[in-house]
2 protein chains.
Amino acid sequence: MATVSRLTMPPPAVAVDLAVLTVRERSLHVLVVERAKPPYRGRFALPGGFLEDGEDLDQAAHRELAEETGLDAARLHIHQLHSYGAPGRDPRGRVVSVCYVALMPDLPLPVAGGDARAAHWIPVSDLPGTPKKLAFDHHRLLADAVEHARETLSHTTVATAFCPPEFTIGRLRDVYEIVWGTRLDPANFHRKVTGVPDFLIPTGGKSAGTGGRPAALYRAGPATRLHPAILREHTA
Amino acid sequence: MATVSRLTMPPPAVAVDLAVLTVRERSLHVLVVERAKPPYRGRFALPGGFLEDGEDLDQAAHRELAEETGLDAARLHIHQLHSYGAPGRDPRGRVVSVCYVALMPDLPLPVAGGDARAAHWIPVSDLPGTPKKLAFDHHRLLADAVEHARETLSHTTVATAFCPPEFTIGRLRDVYEIVWGTRLDPANFHRKVTGVPDFLIPTGGKSAGTGGRPAALYRAGPATRLHPAILREHTA
DNA sequence: TAAATAGTGTCTCTCAGACATTATCTT
DNA sequence: AAGATAATGTCTGAGAGACACTATTTA
C-alpha cells in the first residue's frame with residue numbers, strides 16, 4: 001500500500017541544510033547565504049542543497065559545508081539534528097530537509113565567487129524578534145539548532161568547538177556565557193572545567209596582554225562528556 | 001548545481017520507520033513485523049512505510065504506528081530520532097528513512113489481519129549477539145533508538161511512558177533497572193522520584209497483593225525534565 | 001597607582017549512595 | 001511465623017554556588 005502510493009505520487013526531494021554556528025563579537029552568530037534564485041530570491045537562507053547520487057547524508061552535509069564556506073569540514077564539529085517534511089515548506093514542491101548543526105571558531109569567510117555564494121554571519125539574537133528574515137522554514141531549523149547547542153553545552157565538551165586551537169579558560173567561559181546568555185562565576189567555572197579529566201590539556205603557553213594577568217593556554221582534550229554537567233539553571 | 005543533479009538522478013524515496021519499545025517480562029522489547037514481500041521476505045523489520053502525499057513526517061509516524069499496531073498513537077510518547085540515507089541501505093533503490101522512537105506500556109497487540117501485519121514483541125537483548133535478525137539496516141536504527149532511550153531516562157520523565165496509567169514506584173524502578181541493566185537502591189530511588197515536583201501524582205490508591213506491603217499508586221505528572229538527573233553510572 | 005583578569009582557598013548547602021529501621025502485605 | 005516489598009531516617013562524601021583573597025598584567 002505504501003509502495004503503491006509511492007509510485008503514484010511525486011516523490012519528495014531530500015535536501016541537507018546546515019545551521020553553522022559560531023561565537024563572535026560577544027554574541028552567537030549563524031552562517032547564512034543570500035539566495036540568488038527564486039523562491040525567496042535575495043533572502044537569507046541556511047546553506048544547503050539536495051542530496052546527490054551515491055552520497056550518504058553525512059557526506060552531503062560535509063560537501064555542502066565545504067562548498068558554502070570553503071572550509072575543511074572534516075575538522076569541524078558537525079552533527080545531524082532533525083528532519084523536516086511539512087507539506088508546503090518549499091513552494092517548489094515536496095522537499096524533506098535533513099538539518100545538521102555545525103559549530104566552529106570565528107574564522108574569516110571566503111569572499112563570494114566560485115562555488116561559494118555570498119555568505120554572511122548574522123547574530124542569532126536578531127532573529128527571534130524580526131519577522132521571517134530567513135527563507136523557507138529556516139527560522140524554525142535555526143531555533144531548534146540553537147536550542148540543541150544550548151543544551152549540549154551543559155553535558156558535553158563541544159564548547160571547545162567554538163574556540164580556536166589554543167584558548168584560555170576565560171575564552172571558554174565566554175562561550176558558555178554568550179550561548180546561554182547568563183553569567184558564570186569565573187572561579188567556580190575554572191575549578192569545574194579543570195577538574196574534568198581529559199577536557200582541557202595545558203599547552204604551557206600564556207595569553208598575551210588583555211589588560212589582566214596572563215592566562216594559561218589550553219587545547220581541547222579527548223573527553224566528550226561532562227560528568228557531572230555544567231549547570232545552566234541556578235534552580236537545580 | 002545541486003538542482004541540476006536533482007533533475008538528472010532518480011530521486012530518493014522517503015520512508016518513516018519506528019522503533020516501538022516496551023518493557024515486558026523483565027526485559028526491553030521492540031515491536032517488529034514480518035515482511036510479506038521481498039526484499040528480506042519473511043524477515044523481521046521495524047514497522048514503517050513511505051511518506052504519503054500531503055503528510056508531515058510526524059503524521060506519517062503516527063499513521064504507520066496506528067496501522068501496524070492498531071493503537072491510538074496520539075496518546076503515546078513518540079519522537080523523531082535520526083535519519084538514515086546511506087546508498088545501498090535498501091536494495092530496491094535510494095531510500096532515506098526517518099526513524100522515530102515510540103515508548104509504550106505493555107499492551108496486547110492486535111492479531112494479524114486487516115491493515116496490520118503480523119506484529120511481534122522481541123527482546124532487544126537477543127539482538128546484539130544474533131547476526132542480522134532484522135531486515136535492511138534496522139539493526140542500526142534499533143541500536144540507536146535503544147541508546148537514545150537509555151540516555152533519555154536519566155534526565156527526563158519518559159520512563160512513565162513505559163508504565164500503565166497507574167503504577168507504583170516499584171514498577172517505575174523496574175523500568176529504569178531493565179532499560180539500564182543495573183540495580184538501583186529502592187530507598188534512594190523512592191526519595192529521588194518523589195522529590196521531583198510534578199513528576200508523580202499520587203492517586204490515593206494502593207497496589208494489590210504482590211507479596212509485600214502495598215505500594216501507593218501514582219500517575220505521571222506534567223513534569224518532563226529531571227533536575228538533577230537520575231544517574232546511571234556510579235562513576236560520577 | 002587603579003583597573004582588569006587569572007587563579008586558589010574556604011564555607012555552606014544540596015544531593016547521591018549506603019544502609020539501618022519500621023510498616024504492611026502474602027504464604 | 002517467615003519472607004517480601006514499601007517507605008522513612010540517618011550518615012557520609014562529592015560537588016555546586018558564593019565569595020574572600022592573592023597573583024600578574026595593562027593603562
Side-chain angles (χ1 to χ4, degrees), chain A residues 26 153-155 159 163 166-178 180 182-197 199-219 223 225-236, chain B residues 26 153-155 159 163 166-178 180 182-197 199-219 223 225-236:
Chain A
R26 298 215 54 91
L153 282 199
S154 64
H155 58 273
C163 297
E166 291 204 351
F167 53 88
T168 66
I169 291 183
R171 293 315 96 205
L172 185 65
R173 178 165 45 83
D174 285 344
V175 169
Y176 279 89
E177 292 186 342
I178 290 166
W180 284 350
T182 59
R183 301 292 275 175
L184 297 173
D185 183 281
N188 293 334
F189 184 84
H190 188 281
R191 169 163 49 85
K192 172 66 183 178
V193 296
T194 54
V196 176
F199 183 14
L200 301 179
I201 313 291
T203 64
K206 293 280 179 183
S207 64
T210 55
R213 172 177 168 178
L217 290 173
Y218 296 86
R219 59 180 175 83
R225 301 250 165 192
L226 294 183
H227 275 300
I230 299 179
L231 295 185
R232 171 180 168 189
E233 306 175 287
H234 294 247
T235 51
Chain B
R26 299 217 51 92
L153 281 200
S154 65
H155 59 273
C163 298
E166 291 204 351
F167 54 89
T168 66
I169 291 182
R171 293 314 97 206
L172 186 65
R173 178 164 45 83
D174 284 344
V175 169
Y176 279 89
E177 292 186 342
I178 291 166
W180 284 349
T182 59
R183 301 292 276 174
L184 298 172
D185 182 281
N188 294 334
F189 184 83
H190 188 281
R191 171 163 47 84
K192 171 68 183 178
V193 296
T194 54
V196 177
F199 183 16
L200 301 179
I201 313 291
T203 65
K206 293 278 180 185
S207 65
T210 55
R213 171 176 169 181
L217 290 173
Y218 296 85
R219 59 180 175 82
R225 301 250 163 189
L226 295 182
H227 275 299
I230 300 179
L231 295 185
R232 173 180 169 190
E233 305 174 288
H234 294 249
T235 51

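In what follows, chains carry the letters A, B, and so on, assigned in the order in which the sequence lines appear, proteins first and then strands, with residues in each chain numbered from 1.
Residue A:Lys192 has no polar side-chain atom (N or O) positioned under 4.0 Å from OP1 or OP2 of D:dG15. The shortest distance between the side-chain N/O atoms of A:Arg173 and the OP1/OP2 oxygens of C:dA6 is below 4.0 Å.
In this entry the distance linking CG of B:Leu231 with P of D:dG15 reads 11 Å, nearest Å. Atom pair A:Leu184:CG and C:dA6:P shows a separation of 13 Å (rounding to whole Å applied). When the P atom of D:dT24 is taken as reference, atom CG of A:Leu217 falls 17 Å away, rounded to whole Å. Distance CG (A:Leu200) to C1' (C:dG7): 14 Å, rounded to an integer number of Å. If you measure from atom NZ of B:Lys206 to atom P of C:dT26, you get 13 Å, rounded to the nearest angstrom. In this structure, the CZ atom of A:Phe167 is 16 Å from the C1' atom of C:dA6, given to the nearest Å. Going from atom NE2 of A:His227 over to atom P of D:dA16 covers 13 Å, rounded to whole Å. Here C:dA18 presents its C1' atom at 17 Å from CZ of B:Phe189, a figure rounded to the nearest Å.
In terms of heavy atoms, A:Leu217 sits closest to A:Ser207 at CG-N, 4.1 Å. Across B:Leu231 and B:Trp180, no two heavy atoms sit closer than the pair O-CZ3, 3.7 Å. Taking each heavy atom of B:Ile230 and B:Phe189 in turn, the nearest pair found is CD1-CE1, 4.3 Å. Taking each heavy atom of B:Leu226 and B:Ser154 in turn, the nearest pair found is CD1-O, 3.8 Å.
The residue among B:Asp185 and A:Pro186 whose nearest nucleotide of DNA chain C lies closer to the 5′ end is A:Pro186. Heavy-atom distances to DNA chain D give each of B:Asn188 and B:Thr168 a nearest nucleotide, and the one nearer the 5′ end belongs to B:Thr168. Where B:Gly212 and B:Ala229 meet DNA chain C, the nucleotide closest to each residue was compared, and B:Ala229 sits on the side nearer the 5' end.
Between D:dG15, C:dA16, D:dA6, one nucleotide has an atom nearer to the side chain of B:Ala215 than all others, and that is D:dA6. Considering only side-chain atoms of B:Pro214, the nucleotide from C:dT24, D:dT25, D:dA6 that sits closest is C:dT24. The side chain of B:His190 lies closest to D:dT8 when the candidates are D:dT8, C:dA18, C:dA16.
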Would you tabulate the nitrogen or oxygen pairs shorter than 3.5 Å linking the protein to nucleotides 20-23 of chain D?
| residue | atom | partner | partner atom | Å |
| --- | --- | --- | --- | --- |
| D:dA23 | O4' | A:Arg213 | NH1 | 3.3 |

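In this model, a side-chain donor or acceptor of A:Arg191 finds a partner on the base of D:dG17 within 3.5 Å.
With hydrogens and angles disregarded, no donor-acceptor distance shorter than 3.5 Å links the side chain of A:Tyr176 to the backbone of A:Ala159.
Checked for salt-bridge contact, B:Arg219 and B:Glu166 miss the test: no charged N lies under 4.0 Å from a carboxylate O.
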task = Kindly determine whether A:Leu200 and A:Leu172 satisfy side chain to side chain contact (heavy atoms under 4.5 Å, CB included), including the steps that lead there.
result = CA-CA 10 Å; A:Leu200 301 179; A:Leu172 185 65; 4.1 Å; yes

